[in-house]
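Below: one structure, written as structure tokens.
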Amino acid sequence: SWTRRITGPNGKFLFGLLFVGWAVVFGVGLPLVPPQGANSPYGGIGLIAMFTGFFVMMGFIWSVIGE
């Protein structure tokens, strides 16, 4: 039952909002971290952004194709 809610028309809006939220959070948050030095968390945050963005976009594609 939960898969029909995610893959239905409302799922597109859910994953669309998740993508916009992801872009805002990491678009604003990542430039705030200084990239200088080996002990900077810039690379770790970028890796988290890359993986979460991948899964959000795969969910969006799944919800669009699944309809």
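All values below were derived from every heavy atom in this structure, side-chain atoms included, with hydrogens, water molecules and symmetry-related copies excluded.
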Query - Within-4.5 Å side-chain heavy-atom neighbours: Leu18 and Phe60 - result: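 Answer no - side chains too far apart.
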Query raised in the report: Side chains of Ile61 and Phe15: does their closest heavy-atom pair fall under 4.5 Å?
Result: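 No; the side chains remain at least 4.5 Å from each other.
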**Report entry** CE on Met57 to CH2 on Trp62, rounded to 0.5 Å
**Finding:** 15.0 Å
Does one hydrophobic cluster hold both [X] and [Y], with members joined at side-chain heavy-atom distances below 4.5 Å?
X     : Y     : answer
Val20 : Val25 : no
Phe19 : Ile48 : yes
Met58 : Leu17 : no

Requested in this report: List the atom of Pro31, the atom of Phe26, and the distance in Å for their closest heavy-atom pair.
Outcome: CD-O, 3.9 Å
Report task. Would you name the heavy atoms of Pro41 and Val33 that are closest together and state the gap between them? Result ->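 Nearest heavy atoms, Pro41 then Val33: CG-CG1, 3.7 Å.
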